[in-house]
Asks: 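Dropping the structure in here first, questions after.
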Amino acid sequence: MTNTTDTPTVVLVHGGFADASFWAPVIRDLQASNLPVLAPANPLRGLADDAEYVASVVRQIDGPVLLVGHSYGGAVISVAGADAPNVVGLVYVAAFALDEGEAFAEIFERFGNTPILDAVRPSEYPVAGGGTKVELTLAPELYKEAFAADLPDDLIEVLAVSQRPFAAIFDERAQAAAWKTLPSWAIVATADNAIPPEGERHMAERAGAQIVEAAGASHSIALSQPKAVADLIRTAVAGVAA
């Protein structure tokens with residue numbers, strides 16, 4: 001992807017149980033501001049592999065990049081951002097901002113379980129050379145409470161049966177924490193039933209992020225409050241361009 005301006009390309013990285021269309025209303029808002037945007041597919045096959053893939057996408061973009069991650073995508077950008085020299089900032093959207101060596105499970109252990117843990121359903125997928133690995137989806141009847149309590153029912157009915165399966169990553173540990181060397185921003189979803197809001201706030205504060213809070217927002221904040229997300233991204237773009 002070629003960017004002929006000094007404005008960073010905004011690269012949006014989705015999390016588990018979703019795909020890049022999760023960002024659609026945010027993309028429309030950013031494009032209306034003439035910001036270059038790319039929303040690649042996150043493979044959702046494991047933190048190290050996903051971060052390597054996202055970093056490879058970013059390194060092929062001409063010019064600076066602002067990485068934006070939702071949920072699990074926050075952990076992905078933290079690792080990928082340390083492996084792509086053109087990344088100039090990070091934005092966490094109701095997201096994990098893990099420290100190096102920290103596991104997802106440790107956040108739940110410290111800040112408490114959420115409804116998403118009871119909604120997860122395991123299944124298996126084949127791997128090269130034979131054998132299987134475990135992947136996760138959310139029980140459709142529990143999708144609303146766990147993931148999208150502030151979205152309309154007709155949209156939830158579609159999202160609940162069109163999830164991207166997600167590798168079992170809760171015990172995986174982050175290999176890097178790019179927020180230690182890059183400026184960061186974060187939006188906390190105060191009614192999140194996936195990541196504990198207190199956990200989101202703790203990770204953002206630890207990263208030294210500029211933090212805003214979206215009152216009443218569920219984990220699906222990019223769909224329910226896209227303007228709040230886009231506004232924060234615009235703030236970050238201005239911050240890294242200053």
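Just so you know, these numbers come straight off a predicted model, no measurement behind them. In what follows, residues are counted from 1 in the order of the sequence shown. The analysis underlying the following values was restricted to heavy atoms, covering all of them including side chains, and did not include hydrogens, waters or symmetry mates.
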Asks: Might you point out which heavy atoms bring L138 and F147 nearest each other, and give the distance in Å?
Replies: CD1-CD1, 3.8 Å
Asks: Do Y72 and N42 have side-chain N/O donor and acceptor atoms under 3.5 Å apart?
Replies: no
Asks: Could you pull out all residues at least two apart from R121 that satisfy side-chain hydrogen bond (donor to acceptor under 3.5 Å, both in side chains)?
Replies: none
Asks: To the nearest 0.5 Å, how far apart are CZ in R164 and CD in E135?
Replies: 10.0 Å
Asks: A cation-pi test, strictly: NZ or CZ of R201 under 6.0 Å from the centre of the six-membered ring of F111 and no more than 45 degrees from its axis. Yes or no?
Replies: no
Asks: Please name the pair of heavy atoms, one in I195 and one in M203, separated by the smallest distance, quoted to 0.1 Å.
Replies: CG2-CE, 4.3 Å
Asks: Looking at every non-hydrogen atom in both residues, tell me the closest pair between A222 and V229 and how far apart they are.
Replies: CA-CG2, 4.2 Å
Asks: Could you tell me the separation between the CG atom of L30 and the CG atom of L12, rounded to the nearest 0.5 Å?
Replies: 6.5 Å
Asks: Around N113, counting heavy atoms of other residues, nucleotides and ligands shown, do more than 12 lie under 6.0 Å from its CG?
Replies: yes
Asks: How close do A119 and A146 get, heavy atom to heavy atom, and via which atoms?
Replies: CB-CB, 3.9 Å
Asks: Counting only heavy atoms not in E52, do more than 12 fall under 6.0 Å of its CD?
Replies: no
Asks: For residues A103 and F170, report the shortest heavy-atom separation together with the two atoms involved.
Replies: CB-O, 4.0 Å
Asks: Is the shortest side-chain N to carboxylate O distance from E102 to R110 below 4.0 Å?
Replies: no
Asks: Quick check: closest heavy atoms across R173 and G101, and the distance to 0.1 Å?
Replies: NH1-O, 2.8 Å
Asks: Check the angle between the aromatic planes of F96 and F104 and answer parallel, tilted or perpendicular using the 30° and 60° thresholds.
Replies: perpendicular
